[in-house]
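Take a look at the structure below.
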Protein chains: 2
Amino acid sequence: MLSFTEENYIKAIYHLSDAGQLAVSTNDIALHLQTKAATVTDMIKKLANKDLLAYEKYYGVSLSKKGKNNALSIVRKHRLWETFLVEKLGFQWDEVHEVAEQLEHIQSNLLIEKLDAFLGHPETDPHGHPIPDKNGKVKQIKQFSLSQGKNGHKYIVSEVKDGSATFLQYLAKHDLYPGVTIQIKEILPFDGSMVVQLQNKQKVTLSKATSEKILIKSNE
Amino acid sequence: MLSFTEENYIKAIYHLSDAGQLAVSTNDIALHLQTKAATVTDMIKKLANKDLLAYEKYYGVSLSKKGKNNALSIVRKHRLWETFLVEKLGFQWDEVHEVAEQLEHIQSNLLIEKLDAFLGHPETDPHGHPIPDKNGKVKQIKQFSLSQGKNGHKYIVSEVKDGSATFLQYLAKHDLYPGVTIQIKEILPFDGSMVVQLQNKQKVTLSKATSEKILIKSNE
DNA sequence: ATAAAAGTTTAGATTAATCTAAAAAAAGAA
DNA sequence: TTCTTTTTTTAGATTAATCTAAACTTTTAT
Ligand SMILES: [Mn+2]
Ligand SMILES: [Mn+2]
Ligand SMILES: [Mn+2]
Ligand SMILES: [Mn+2]
């Protein structure tokens, strides 16, 4: 049984390592968790003793199988709770992250499996992030950045890569959510901004910076 | 903002003092929280410094207005979550307490008000315990022990006073829940046990000890 | 009224998580 | 390759929550 703090370290390392691929440095973890490097060193020694990660002095850490499983379980809970908050309680998608940061630490397998069933076994959360299944399997979809879309083509929004409240509110104002179909109407060559049209025929102009943070998938 | 531990102390004192009426002793708190008296002494000093309770050395503590408000908020959250777990997620009523002990510490007013609305502003939890409203008001109903019911009379089960899993499972097996109408068919004088009949005509024999732990209200 | 028992507090330690400052190692630049 | 900068670790403290053992206060019983 991991403590609240240990769980947050494991999850941070999971995200920073790109799902457990790369090694993660002490400073990266400290930055991500808003703490100090010395604190991180202490904690990763503890996590290494628990076989949750491999730690090589001065060269960072990488999650073990056990650590990865723990991380996936926390990510699963986080994303299921976010889905619950939006789908069932009527939260806006920019309001859920902080609360899910707390809810993800509730310990009860029964709870999470019943919540999953109540939500109809969703595959993605409100931001389009995939929800790991009970066995830790993550469904990967073929997606790419909207900034790489072709003029005239239709796509489906699949994920947003910026979770800040202002960005999410901006997208919400223009009805840009995962699942929405869009068509690229125009790409301006001098600044890379583009005009996209929604199902309801409304047009929105998006800056390059914005279109880079929106992921899309093919329209089937 | 109270810590997890501080919240547990405040809630324990609230329950032990019968909703803030009586003073509570150090030992009572230690027993209830499964900790040591010395630990309790330290913590109540801290809570006294935060004006959550009045502490008189050697004579126990009593909650302040502020302490009572905090306690009511935690109790509200606990009971709303228990209701959610039973009504929406399909938990059995003997499975919810441990999970609610964790969920009651989640910090988010928005969450709890949205949860309340989602549940239809329930007045009692699955065990018949009243749910304090947003302002901390607790609705009191006229209720009494089933052991004091009269032969031949009809009543509605309103609350159960024992939260142990075995007791709750026993009642569930006989469909005895808050809200169910029962009629007393027979009271045996030598041991105080009674036979009650449910809506579905099924009869159950309850020992005195059991009927004392079931609260009922009049059949209107 | 005094002594014994019960309950409470204080003193001193421990563990988890955190910090700052100093030392050590690795990486980058000249 | 050697020096400088950056990163990481170690050393030593701090805070919250906990414990045991000893001291103290209140209550109960003779
Ligand atoms: Mn999130
Ligand atoms: Mn998300
Ligand atoms: Mn409960
Ligand atoms: Mn209850």
Side-chain angles (χ1 to χ4, degrees), chain A residues 1-17 22-63 66-67 70-71 74 101-102 104-107, chain B residues 1-17 22-63 66-67 70-71 74 101-102 104-107:
Chain A
M1 181 112 313
L2 303 188
S3 73
F4 187 96
T5 306
E6 289 170 330
E7 288 197 339
N8 281 335
Y9 273 84
I10 292 295
K11 189 179 63 145
I13 294 164
Y14 176 82
H15 287 311
L16 291 168
S17 68
L22 318 130
V24 179
S25 75
T26 303
N27 258 358
D28 281 357
I29 299 170
L31 220 69
H32 190 84
L33 292 177
Q34 310 235 73
T35 184
K36 296 295 144 80
T39 307
V40 172
T41 301
D42 282 347
M43 180 57 76
I44 60 186
K45 280 181 186 166
K46 193 167 126 192
L47 297 174
N49 279 332
K50 291 191 177 191
D51 293 317
L52 291 157
L53 47 79
Y55 167 46
E56 204 184 341
K57 234 176 162 185
Y58 292 103
Y59 293 91
V61 299
S62 46
L63 290 181
K66 185 174 159 192
N70 270 281
I74 303 163
E101 285 291 309
Q102 298 178 61
E104 72 190 7
H105 302 289
I106 302 291
Q107 305 286 351
Chain B
M1 181 113 309
L2 303 188
S3 73
F4 187 96
T5 306
E6 288 170 330
E7 288 196 340
N8 280 336
Y9 273 83
I10 291 295
K11 189 178 62 143
I13 294 165
Y14 176 82
H15 286 311
L16 290 169
S17 67
L22 317 131
V24 179
S25 74
T26 303
N27 258 357
D28 280 357
I29 299 170
L31 219 71
H32 190 83
L33 293 177
Q34 311 236 69
T35 183
K36 295 296 144 80
T39 308
V40 173
T41 300
D42 280 347
M43 180 57 76
I44 60 186
K45 280 181 187 168
K46 192 167 127 193
L47 297 174
N49 278 332
K50 293 191 177 191
D51 293 318
L52 291 157
L53 47 80
Y55 167 46
E56 204 183 341
K57 233 177 163 184
Y58 292 105
Y59 293 91
V61 299
S62 46
L63 290 180
K66 186 174 160 192
N70 270 282
I74 304 163
E101 285 291 308
Q102 298 178 62
E104 72 190 6
H105 301 289
I106 303 291
Q107 304 286 350

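Lettering follows sequence order; numbering is per chain, from 1.
Less than 4.0 Å separates DNA chain D from at least one heavy atom of each of the following residues of residues 27-40 of chain B: B/T35, B/K36, B/A38, B/T39. Residues from residues 48-56 of chain A lying near DNA chain D, meaning a heavy-atom separation below 4.0 Å, are A/Y55 in numerical order.
For the pair A/D42 and A/Y58, both in contact range of DNA chain C, the more 5′-proximal nearest nucleotide belongs to A/D42.
Between D/dT10 and A/T41, no contact under 4.0 Å exists linking OP1 or OP2 to a side-chain N or O. Between A/Y59 and the phosphate of C/dA27, there is a side-chain N or O to OP1/OP2 separation shorter than 4.0 Å. In this structure, A/S25 reaches the D/dT8 phosphate: one of its side-chain N or O atoms is under 4.0 Å from OP1 or OP2. A close approach under 4.0 Å does not occur between any side-chain nitrogen or oxygen of B/T5 and OP1 or OP2 of D/dA16. The shortest distance between the side-chain N/O atoms of A/K45 and the OP1/OP2 oxygens of D/dT9 is not below 4.0 Å.
Note that OH of A/Y9 is 4.5 Å distant from OG1 of A/T35, once rounded to the nearest 0.5 Å.
Listed here is the closest heavy atom pair of A/A12 and A/H32: CB-CD2, 3.5 Å. The minimum heavy-atom distance linking B/L2 with B/E7 is given by the pair CB-CG, 3.7 Å. Shortest non-hydrogen contact noted between B/D28 and B/L16 is O-CD1, 3.7 Å.
Residues A/T41 and A/Y55 are in side-chain contact: their nearest non-hydrogen atoms beyond the backbone lie under 4.5 Å apart.
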